[in-house]
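The figures that follow rest on heavy atoms only: side chains count, while hydrogens, waters and symmetry mates do not. Lettering of chains follows the sequences in order, A, B, ..., and the numbering in each one begins at 1.
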Amino acid sequence: MPRYAMIIDAKKCIGCYACQVACQMQNELGPDNAFIRFEDRETGKYPNPKYVIVPLQCQHCQDAPCVPVCPTTASHKDSNGLTMIDKDKCMGCRRCVAACPYNARTYLKDEGVVQACNLCLSLVKQGEAPACVATCLTKARYFGDLDNPTGEFAKQLAKAKPLRPDFGTRPTLLYII
Amino acid sequence: MWANKFPRRTFLKATAATAAAVGVGDVFSIGEWMKQANAAPVTKIPSLCETCSAACGMWVHVKNGRIWKVTGQKDHSQSKGRICARGHAGIAMAYHKDRITHPMKRIADNHFVPITWEQAYGEIAAKLKTVLKEHGPEKVFFSHNPRPTNKFYWPRLMAAVGSSTIQSHHSMCSTGRDVAYKWTTGGMATADIGKTKYIVFLGRNYVEGLSPSTAANMEAAHARGVTMIVVDPRHSNACLFASQWVPIRPGTDLALLLAIANVLLAENLYDKEFVDEWCVGFDEFRQGMKQYTPEWASTMTDIPAETIYAIARGLGNNRPASCIEQGYKAPNGCNYANGTQMFRMVACVNALLGNYGKDGGMKFSNPPKAGSLDAKKYPAPPKPKAARCDGAGIKGEFPLCQTSQGIVHLMPQRALEGKAKAGFLYRINVARNAPGPELLTKGYKALDLLVVCDVKWSETALCAHYILPECCPAEREDLPAVVSSTVTMRTAAIGLVHSECKPLSQIVTEFAGYIGAAKYFNFTQDDVANAIIKPLGVKLDELRVKGTIKVKAPAPKPLSFKTKSKKVELYCKAFADHGFAPVPQWEPPYSKAGKDTFVLIHGKQGFMSHTVTASDPYLLAIARRDGLERLWINADRAQKMGIKDGDLVEVASPQAKGRVRVKVTERVHPEAAYLPAGYGRLVPFLKTGVGFGISPNDFTPSRAEAISGHAMMMEVLVTVRKVGE
Ligand code: SF4
Ligand code: SF4
Ligand code: SF4
């Protein structure tokens, strides 16, 4: 089984939101529900400020705190190591939303269920890149298999690290910052 | 069956409601529906995005007869396989709640009633005939944002009417630049960012005023280690890839360029051979630049003199693979009183670098030539002789302004002066995208006849006597166009969502019949499309399947300049003849911030295109969630004024007051306050976007710059004060 993963080079992110909206369309989400969100940080003083934008989404943690809290097993780890949510089993209690330290889960009010980034598994299975990776205007996102890294993904892997190692959730999403 | 009635996302909701009604776990469960929906066959149809001027090639993925999503066409030069947020969201405009669904007639302020097409055509034709009889064709005008289909159909119709006044949106965009290059280099050269070693951006922002390819190009240049200098009062996101941010006092870029020229000349860093062979007026130019030392420019621009020396030397030492990027809107396009001369200086500095036609410098494009209709079989109306009513190209008014663009935002003023009587506006929202909404609205309403053709309600449509609803980009096929070395075309991805809307070619052709001009439209849209692509060796059926097709690029042409002298005019005689400085000299902007005031600057965000997208539910949700409508103020000044991040403030100019929240930041010059453009809708009955944010245009007076007539959109001082919640 491949272990799918994503690397995000935050130094290349221009905060254009293309990935967020592409993801909303791919996953048929409404305007107020998004799997990707952004945090930005400004440091330094005028005229030498520094600025960085960090796209956030489900980190597909190996030790995912959102999984054990789920009373219905809707929240689970799949055979590719991804953290997935079975919509049919989700009863909308939102314990997982509270448990996620990355604030990466979205409650879809209209449907009464929680959802999050599914790494576009349906596209990946057809041999395509996830929607956010395919559209990223500056190619800040890389998709690949941790067990069989190739191409650009393999090159970036050496530099990539978890965003918040202090959370101790061993994420599969890695960042270059 | 619901799918035909409701937008896709409402469809989901409707299904959820149905599922709840019949009980969860029934065959109608969401999970089951999603499985079925996911299994539904998806077709991919080629289209072009219409949320900005880049018109990216994309695939529309259609599922169950409804638009699902879009992906980029790899062969399209603007998208290169990637689509920005506006494109992903914008295709759903077909299902937008604020669409115009019928021909409309205004019967009172903000009050419209639906009428039939026949009634609309008939009444418009009758009123137009009265205007033509009483005032002649010189008081009739047409304004649009030129795109392949309207660029063909509307001007032909206006020629049949006898009117010469055809205007593009450029006086609110790039006219300052375009007039300046016309008289200086005779054509538009663009920066070769793929090969440059040293590039200076003056206000131009490749990653927010973006197309996917400009953002990718800047990232690639950064990865290549190119020195990129971003000169801007605001630390825009382009600075993420820049080697250096150089904050500048708003509207003083001309002084910086004068000083760069001064250093290049004084330190012999210019290309003598190029200047000898390709420039006129070097002696006058050299003489003119003597006084503009970096020390002088430093006091004007608030940039340290050492920085100016460093930039000039960086450009000079890397020539000819160095350049000043051409910009479009800021600060040379339409923003400041000195914009036209500022771009003259951009062109002159590039000439000193000898970079025209060179790798890494400024290059002229040489696109493959498209064909046109057989004039014998399809006779066109004679070229109109009537004088223009916007003053473009007219002695004593705006003699140097190019008539291919005209001065679009001036028409309401002209209407108030009785110089314009009837206007046709296609997909252009001047009343909101130009300064001075009150005057613009009053002026448009003073016309005897205003016809607006658009897909959704706009501030400008509210001024119209008649509104003609066009169908959305997803619902129509358009004429092909040559873009770089490709030919590309939009095809219809879905059927009409609102049955009364029509494609433009049909509207113009039908209306022509009502004014006795049918003989000029004796062809189908396919005939025109076939004529355009014929010399390119492309077949229409193939284009309809592929969307974008690469065609053979013509052999590169030797360097030439299409000015009067066939050279770069460092000294421009035409400018002298009309009383303008023939060699650029320092002219201050109108607005300089004082102790209590800011220059109100604005700029694009990567996910917004002015009012085109400001009512898009997805993009609007981003702006709301992340507070992106806020006014940026420099942290030091904010502290002195007792303003904290997130505070509500009142922004005021002599013309208007408005309330907005503040972003306190180190990323903006202390004399500038930055507002993102596009927010602050004024159509009371819009279902999206009303009551969110304010527009810089509210505060700025409606004016026209003396040389090219552009709108001077950042020439305004505002005060900012904290107000209670
Ligand atoms: S990021 Fe949050 S939702 Fe995703 S696996 Fe980790 S804890 Fe779970
Ligand atoms: S991988 Fe797919 S689901 Fe996850 S954020 Fe990207 S587009 Fe959304
Ligand atoms: S598409 Fe890429 S550059 Fe744009 S916001 Fe997403 S990660 Fe950042």
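Of the two parts of B/Glu219, only the side chain, counted from C-beta on, holds a non-hydrogen atom closer than 4.5 Å to a non-hydrogen atom of chain A. In this structure, no portion of B/Val70 lies under 4.5 Å from any heavy atom of chain A. No part of B/Ile91 comes within reach of chain A, as not one of its non-hydrogen atoms sits under 4.5 angstrom from that chain. For A/Glu42, the part lying near chain B is the side chain, with the backbone staying farther off; criterion is any non-hydrogen pair under 4.5 Å. Contacts of B/Asn217 with chain A are absent, with no heavy-atom separation under 4.5 Å from either backbone or side chain. Neither the backbone nor the side chain of B/Asp616 comes within less than 4.5 Å of any heavy atom of chain A. For a residue to count as touching a neighbouring chain, one of its non-hydrogen atoms must lie under 4.5 Å from one of that chain's; by this rule A/Ala131 does not touch chain B. Only the side chain of B/Arg625 comes within contact range of chain A, with heavy atoms under 4.5 Å apart.
Using a 30° and 60° split on the angle between ring planes, B/His669 and A/Tyr46 fall in the perpendicular class, above 60°.
Judged purely by distance below 3.5 Å, without hydrogens or angles, the side chains of A/Asn33 and A/Asn27 never pair a donor atom with an acceptor atom.
Geometrically, B/Arg86 does not engage B/Phe607 in a cation-pi contact, judged by NZ or CZ lying under 6.0 Å from the ring centre and within 45° of the ring axis. Relative to the six-membered ring of A/Phe153, A/Arg141 misses at least one condition, a distance below 6.0 Å or an angle of at most 45° to the axis.
Open room surrounds CZ on A/Arg41; 12 or fewer heavy atoms of other groups in view lie less than 6.0 Å from it. Within 6.0 Å of CD in A/Glu128 there are more than 12 heavy atoms belonging to other residues, nucleotides or ligands.
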Between side-chain atoms of residues 132-139 of chain A and protein atoms elsewhere (two or more places apart, or another chain), which donor-acceptor pairs fall under 3.5 Å?
residue, atom, partner, partner atom, Å
A/Thr135, OG1, B/Ile83, N, 3.1
A/Thr135, OG1, B/Ile83, O, 2.8
A/Thr135, OG1, B/His88, NE2, 2.8
A/Thr138, OG1, A/Lys12, O, 2.9

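Of the listed residues (B/Asp636, B/Leu619, B/Ile622), the one with the most heavy-atom contacts under 4.5 Å to chain A is B/Ile622.
Residues of residues 204-214 of chain B that come closer than 4.5 Å to chain A, counting heavy atoms only, are B/Val207, B/Leu210, B/Pro212, ordered by residue number.
Residue pairs meeting the salt bridge (charged side-chain N to carboxylate O under 4.0 Å, His left out) criterion with at least one partner in residues 159-170 of chain A, sequence neighbours excluded, are A/Asp63-A/Arg170, A/Arg164-A/Asp166.
Remark: side-chain polar atoms of A/His60 are not paired, donor with acceptor, to backbone N or O of A/Asn118 under 3.5 angstrom.
For B/Ser77, the side-chain contact (heavy atoms from CB on, under 4.5 Å) partners are B/Val483, B/Ser484, not counting sequence neighbours.
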